[in-house]
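Right, one structure below, let's go through it.
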Amino acid sequence: MRPVLRFLTDDLTDRIIDEARDLLCGIGMEIHNPRALDLLADHGARIDPESRHAWFTGDLIDRALGSAPSSFGLFDIQGNATHDLGGHRVIFTPGASAIGILAPYTVCMRVA
């Protein structure tokens with residue numbers, strides 16, 4: 001059995017998630033990408049295109065969380081798997097701060 005270090009109780013985690021949902025639904029967020037705003041609108045978010053503001057719905061948040069994978073991998077520029085993130089795996093990678101990003105459509109390296 002592998003030991004697990006937890007900093008938050010389940011109750012505190014639930015409270016943080018509930019408050020984040022309240023913020024996304026009540027205050028919303030400013031989004032500067034018109035395609036992202038259109039995508040959110042298509043899925044039920046209330047959008048103000050002039051102010052670039054989106055207000056989420058509880059249903060939209062639930063669907064997004066339900067479709068998110070429980071784990072994902074990081075890959076180097078050549079497509080080799082470098083990290084498997086998920087479960088209770090602990091990974092120390094100070095270089096994984098996305099200083100350089102491979103743009104998906106142009107396939108060019110972009111510096112953040």
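Numbers for residues simply follow the sequence, beginning at 1. Everything numeric in this text was worked out from a predicted model, so none of it was measured.
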| request: Report yes if some heavy atom in the side chain of Pro49 is under 4.5 Å from a heavy atom in the side chain of Asp38; otherwise report no. | output: no
His43 side chain reached by Leu39 side chain, heavy atoms, under 4.5 Å:
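The answer is yes, as the side chains (C-beta and beyond) meet within the 4.5 Å cut-off.
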What is the distance from atom [atom1] of [X] to atom [atom2] of [Y], rounded to the nearest 0.5 Å?
{"X": "Asn33", "Y": "Leu40", "atom1": "CG", "atom2": "CG", "answer": "9.5 Å"}
{"X": "Ile31", "Y": "Asp48", "atom1": "CD1", "atom2": "CG", "answer": "12.0 Å"}
{"X": "Asp42", "Y": "Leu60", "atom1": "CG", "atom2": "CG", "answer": "11.0 Å"}
{"X": "His83", "Y": "Ser71", "atom1": "NE2", "atom2": "OG", "answer": "14.5 Å"}
{"X": "Glu30", "Y": "Leu37", "atom1": "CD", "atom2": "CG", "answer": "9.5 Å"}
{"X": "Leu74", "Y": "Asn80", "atom1": "CG", "atom2": "CG", "answer": "13.0 Å"}

Check: residues 6-13 side-chain donor-acceptor pairs under 3.5 Å, at least two apart:
| unit_1 | atom_1 | unit_2 | atom_2 | d |
| --- | --- | --- | --- | --- |
| Arg6 | NH1 | Asp10 | OD1 | 3.3 |
| Arg6 | NH2 | Leu8 | O | 3.1 |
| Arg6 | NH2 | Asp10 | OD1 | 2.7 |
| Thr9 | OG1 | Leu12 | N | 3.1 |
| Thr13 | OG1 | Thr9 | O | 3.0 |

message: By the ring-ring contact (aromatic ring centres under 6.0 Å, His included) test, which pairs, at least two apart or in different chains, include something from residues 47-76?
response: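 Output for this query lists His53-Trp55.
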Fill in: ILVMFWY cluster, Leu23 and Leu65 together (side-chain gap under 4.5 Å)
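Leu23 does not cluster with Leu65.
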(message) If you count every heavy atom of other residues, nucleotides or ligands that lies below 6.0 Å from Arg89 atom CZ, does the total exceed 12?
(response) yes
- Decide if atom CZ of Arg63 counts as having more than 12 heavy atoms of other residues, nucleotides or ligands within a radius under 6.0 Å. yes
(request) For residues Cys25 and Thr57, report the shortest heavy-atom separation together with the two atoms involved. (result)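 Scanning both residues completely, I find the closest heavy atoms to be SG-C, 3.8 Å.
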**Message:** For a salt bridge (Lys or Arg N to Asp or Glu O under 4.0 Å) check, start with the C-alpha distance between Arg21 and Asp62, then their side-chain angles and the critical distance, and finish with the verdict.
**Reply:** CA-CA 10 Å; Arg21 292 171 68 89; Asp62 290 340; 2.7 Å; yes
